[in-house]
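These notes concern the structure reproduced below.
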There are 2 protein chains.
Amino acid sequence: MNIDIKEIARKAGVSIATVSRTLNGKGPVREETRRRIIQIAREYNYKPNPIARGLSRRQTDTIGVILPELMDEFFMDLIHSIDEEAYRANRFVMISSSHSQRNIVETLIEFMGSGRVDGVILMASELDSSVVELLKKSKRPIVLLNASKQINSMVSFNVNNYQGAMAIVEHLIGHGFRNIAIIKGPQGNCDADERFKGYTEALSAHGIALQEELIVAGNFTIQAGYYGLMRLMSQPQKPDAIFAANDMMALGAYEAARSSHIQIPRDVAITGFDDIFLSRLLTPRLTTVHVPIFELGSKAVRYLLRMISGDVNPGYPYREELTAGVILGGSCGCANPTTQLLL
Amino acid sequence: MNIDIKEIARKAGVSIATVSRTLNGKGPVREETRRRIIQIAREYNYKPNPIARGLSRRQTDTIGVILPELMDEFFMDLIHSIDEEAYRANRFVMISSSHSQRNIVETLIEFMGSGRVDGVILMASELDSSVVELLKKSKRPIVLLNASKQINSMVSFNVNNYQGAMAIVEHLIGHGFRNIAIIKGPQGNCDADERFKGYTEALSAHGIALQEELIVAGNFTIQAGYYGLMRLMSQPQKPDAIFAANDMMALGAYEAARSSHIQIPRDVAITGFDDIFLSRLLTPRLTTVHVPIFELGSKAVRYLLRMISGDVNPGYPYREELTAGVILGGSCGCANPTTQLLL
DNA sequence: GTGAAAGCGCTAACAA
DNA sequence: TTGTTAGCGCTTTCAC
C-alpha cells in the first residue's frame, strides 16, 4: 500500500494523533510541529486513505446520484453539473441508474443501506407514492429532482414546468392564436402534468375555453408527436398552434407537418419544451422552453451537502422551482432572429 | 449506525468470524449454523458495511470512470453500459469528468491515490504521451477507451475507426465516386487520425490518388462541417462525395448544402461517422458508421474486473478493436430503405 | 501541545 | 467446524 499516517508520524517524530490533528486542522498543534508535519506529508505526497477515514468518521465524502432508466441528452448536463459542483466541495460522485433489472428502491437501498454515500440525489419525475414513503424513512438525506408537487414532505429542486408551460402558451396567445392544441406527456409523469396545467391556466387566464379536441395524449416520443399532429390537423376543428409538451414530440410534429405539406408556422405554429440541442437545428428553429438543468444539478448538490453537514435540518422539507425561460425560434411565428444553426 | 456484524453474531450465538465466513461463503461452516446466521442476517436486514469491508480487504468494489471535459450524446450510452455491467458484477461506479478546473491527471490521482476505486476506465481519445507514462506507473489497473495506437503498452478497447472509415469510403467508391473529399477531425485526436487513415487507405486500395484539395481540416463541430462543404463545393475541383469524419460535421455540411441549394446526394454524397441519434433524422437519412459504444463499455468493465481480480495480468498489454458497421442512409446515393424517422 | 489507546466494522490467519 | 486475535488506516477522547 501507499505511505500511511504511521510513517509520516515516525518521520516527523510525533504521534499519529498529532499528524491527524494537523492534517485535519483540528485540535491544537504547535506551529513548528505543524509546519514540519505538513512539510513531510507533502514531501512524501501523503494522502489520507479516505476509506479508513470514512470508517472512522462515518462519512464517505461521496454523494450518490440515481437516474431513471431512460436517459436522454440532458442527463449528460446533469451529471456534468453535479460532478462539477461536487468537485468544488471535494466530494465524489457515485452514479447508478435504475435500469432493466433494478428498480429505484433497490438502487437506493444499495447506496444507502451500505453506507457508501452520505446522501443521494434522485431524479424523480416518475416516482410513485409508495416509494416516497420509503424515502422518507431514509437515515441519509435525499434531494429529489423534478419531484411531483404532491411530494411535499421532502427536499426537491424542480424545473418550474408550470410556469414554463404557461409562459410559452401565453406567448402563443400573444401571437393571436386562440385554437391552441397540446400534445401531452405520459400519464403519471409529473413534468407532463405540470406542463399540462400551465397550458390550461394560460388559456383560462386569457378567457380562452379549453377544447377537448385540441388535447391529445402523448408520451414524450417522436412518434407521439408525429401522430399527435396528424390527428390534430385532420380533424374539423384544426388548431392554429400546437404546444408539444416536449421537444421530441415537437420534432415528431415537424416530421408529420413536412410529410403532410403543412408549413410551420404558416399553417400551424409549434412549440416544444426542454430546449434540447436538436431543437436548435430545426427549420424554423423551434420555439421552446429552456430547462435550467445545469443550475438544477448545482443547487441540488449544494443543498444536499448542507443537509449532510447538518447545516440545514435534513428532516425539514424544502422545495425550489427554477424558472424556465422561453427560447424564441421561428416556429411560433416570431420573426426569427436566431437563424439556422449555431453558425 | 445500522446493525453490525457483532450484533448478528451475538444473536446467533456465534463469533463474528463465523458470521463473516458464512456471509462471504469462505471457510467451513456447519450447515445448521450457516442457516441460522443467514436467517438472522436476513431477519435484521443486515448488510455488511462496505467501507469497513474495503478497509480490511483493500478493495472497494468500485470502479472509476473518467470522462473528457466535452461530453456528447454517446457518453450517456457509455455510462449506461458501464453501469449496467458493473451492476451485474455487484460493483459500483464512480464518475468524474476532467473539466474546467481539473485535468485528467489530477482526476486520476484523486481516484487512484485515494484508494477509492479498484481500477479505472479512462476515455482517452486525446491523451498525450506524457500522461501515458504516468498511467503506466499506476498501481491500480486502468482500461483505456479509444486510445491511440501509439499507446501499445496498456489495455484498451477501441472502436475500429480505421476499419469503419475504410468501409464507408469503400462504400462510396462502390457507388462509383472517385472524387471523394474528407472533412477531418481535430489534430491530435486519435479517432480523427484513424478515420483519416482509413480514408486514405480505402482510396489507395482502389488505385485512387489522394487529392490535396479534397482534404480539408475540421474539428468535429457543426461549423467545421458547414465551412468544409462550402469550401469544397466552391473550388474548381469539386468532390462528388464527402466523408465527414463525424456526424456533427456531416450535419453542418447538410446545412451548408441546403443554404447553397446543393442537393444530397444528387450534387454531392455525404457520409458521417458515429451514428448519433440526430443522423437518423436528417433528410435524406445520413449514411454513417455505427460506433458500438455500448459494447465498448461492457467489455471495458468486464476486462477491468478481470485485471482487478488478477484473472488476467494487469501489466500485460491488451488491445481490442470493435468493428464499426456502416449504416446505410440515403445520403450516399443508396436507394433509401430506412425512410425518415423511426416511425 | 502532545501521545496513548480505544475504537470504526470487517477480514483472515491461526489456534483450538 | 469454530473462536480468538491482530490488524486495515484513521479519528478522537482523555490523560499527561
Side-chain angles (χ1 to χ4, degrees), chain A residues 1-38 40-41 44-62 90 112-118 139-140 309, chain B residues 1-38 40-41 44-62 90 112-118 139-140 309:
Chain A
M1 204 51 172
N2 264 335
I3 188 162
D4 66 5
I5 196 174
K6 234 181 288 179
E7 275 292 288
I8 301 292
R10 210 171 49 64
K11 291 193 203 293
V14 296
S15 72
I16 59 169
T18 304
V19 175
S20 174
R21 275 193 295 260
T22 302
L23 265 27
N24 290 304
K26 325 188 159 178
V29 181
R30 194 173 3 129
E31 184 54 23
E32 187 201 317
T33 322
R34 210 184 69 79
R35 258 198 243 295
R36 184 154 35 94
I37 292 175
I38 298 276
I40 294 184
Y44 289 87
N45 193 20
Y46 168 69
K47 301 240 183 291
N49 177 322
I51 303 297
R53 209 150 175 265
L55 183 58
S56 181
R57 296 190 317 151
R58 285 88 198 297
Q59 211 174 305
T60 61
D61 289 344
T62 300
N90 270 304
M112 296 299 206
S114 68
R116 261 177 206 284
V117 300
D118 299 334
K139 314 136 282 290
R140 314 214 179 232
S309 69
Chain B
M1 204 51 174
N2 263 336
I3 188 162
D4 65 5
I5 197 174
K6 234 181 290 179
E7 275 293 287
I8 301 292
R10 209 171 49 66
K11 290 192 201 296
V14 297
S15 72
I16 58 169
T18 304
V19 176
S20 174
R21 274 192 295 260
T22 302
L23 265 27
N24 291 304
K26 329 188 157 178
V29 180
R30 191 168 11 123
E31 184 53 23
E32 185 201 317
T33 323
R34 211 184 70 77
R35 260 198 241 294
R36 185 154 35 93
I37 292 174
I38 297 275
I40 294 185
Y44 288 87
N45 194 21
Y46 167 70
K47 300 240 183 293
N49 177 323
I51 302 298
R53 207 148 177 267
L55 184 58
S56 179
R57 296 190 316 150
R58 284 89 196 298
Q59 211 174 304
T60 61
D61 290 342
T62 301
N90 270 304
M112 296 299 205
S114 68
R116 262 178 205 285
V117 299
D118 299 333
K139 313 137 283 289
R140 312 213 182 235
S309 70

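Here the C1' atom of nucleotide dC8(D) and the CD1 atom of Ile5(A) are 13 Å apart, to the nearest Å. Taking atom CD of residue Glu7(A) and atom P of nucleotide dC10(D), one finds them 11 Å apart after rounding to whole Å. Note: CZ (Arg57(B)) to P (dA12(C)) measures 7 Å, nearest angstrom. Rounded to whole Å, the distance from CD on Glu31(A) to P on dG1(C) is 11 Å. To the nearest angstrom, P of dT11(D) lies 13 Å from CD1 of Ile8(A). Atom CG in Asp61(A) sits about 11 Å away from atom P in dT11(D), given to the nearest Å. Taking atom CG of Asp4(A) as the reference point, atom P of dG9(D) lies 6 Å away to the nearest angstrom. At whole-Å resolution of the value, CG in Leu23(B) and P in dC10(C) are 9 Å apart.
For the OP1/OP2 pair of dT2(C) and a distance below 4.0 Å, the side-chain nitrogens and oxygens of Thr33(A) include at least one atom meeting the criterion. Not one side-chain nitrogen or oxygen of Arg53(B) sits closer than 4.0 Å to the OP1 or OP2 atom of dG9(C). Contact annotation: Ser20(A) does not reach the phosphate of dC10(D) (side-chain N/O to OP1 or OP2, under 4.0 Å). Dashed line: the shortest gap from a side-chain N or O of Arg30(A) to OP1 or OP2 of dT2(C) is under 4.0 Å. Taking side-chain N and O atoms only, Tyr46(A) has a distance below 4.0 Å to OP1 or OP2 of dC10(D). Not one side-chain nitrogen or oxygen of Asn49(B) sits closer than 4.0 Å to the OP1 or OP2 atom of dC8(C). Contact check, Arg34(B) against dT1(D): no side-chain N or O comes under 4.0 Å of OP1 or OP2. Proximity of Lys6(B) to the phosphate of dC8(C): a side-chain N or O atom is located under 4.0 Å from OP1 or OP2.
The structure places OG1 of Thr33(A) at 5.5 Å from CZ of Arg36(A), a figure rounded to the nearest 0.5 Å. Taking CD of Gln59(B) as the reference point, atom CD1 of Ile51(A) lies at 11.5 Å (rounded to 0.5 Å). In this structure, the separation between CD1 on Ile8(B) and CD1 on Ile37(B) is 9.5 Å, given to the nearest 0.5 Å. For the atom pair Leu23(A) CG and Lys47(A) NZ, the distance stands at 10.0 Å (nearest 0.5 Å).
Every salt bridge (charged side-chain N to carboxylate O under 4.0 Å, His left out) that Glu31(B) has, sequence neighbours left out, goes to Arg34(B), Arg35(B). For Thr62(A), the side chain to side chain contact (heavy atoms under 4.5 Å, CB included) partners at least two apart in sequence or on another chain are Thr60(A), Phe92(A), Met94(A), Val117(A), Met94(B), Arg116(B). For Ser20(B), the side chain to side chain contact (heavy atoms under 4.5 Å, CB included) criterion is met by Ile5(B), Asn24(B), not counting sequence neighbours. Partners of Ser309(A) according to the side chain to side chain contact (heavy atoms under 4.5 Å, CB included) rule, which considers only residues two or more places apart in sequence or in another chain, are Asp311(A). Among residues two or more places apart in sequence or in another chain, the side chain to side chain contact (heavy atoms under 4.5 Å, CB included) test is passed with Ala52(A) by Asn49(A), Leu55(B).
If Arg36(B) and Leu55(B) are placed on DNA chain D by their nearest nucleotide, the residue sitting closer to the 5' end is Arg36(B). Nearer the 5' end of DNA chain D, as judged by each residue's closest nucleotide, is the contact made by Val29(B), out of Val29(B) and Ala52(B).
One end of the helix from dG1(C)-dC16(D) to dA16(C)-dT1(D) points its axis 40° away from the other end's axis, with each axis taken from 5 pairs and the angle rounded to 10°.
Within 4.0 Å (heavy atoms only), Pro28(B) reaches at least one base atom of the nucleic acid.
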Polar-atom pairs under 3.5 Å, protein N or O versus N or O of nucleotides 3-5 of chain C: list them with distances, or write none.
unit_1 : atom_1 : unit_2   : atom_2 : d
dG3(C) : OP2    : Ser15(A) : N      : 3.0
dG3(C) : OP2    : Ser15(A) : OG     : 3.2
dG3(C) : OP2    : Thr18(A) : OG1    : 2.6
dG3(C) : N7     : Arg21(A) : NH2    : 2.9
dG3(C) : O6     : Arg21(A) : NH1    : 2.8

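Comparing dA12(C), dG9(D), dC8(C) by their closest approach to the side chain of Arg58(A) singles out dC8(C).
Among pairs with a residue in residues 4-19 of chain B, those fulfilling salt bridge (charged side-chain N to carboxylate O under 4.0 Å, His left out) read Glu7(B)-Arg10(B), Glu7(B)-Lys11(B), at least two apart in sequence or across chains.
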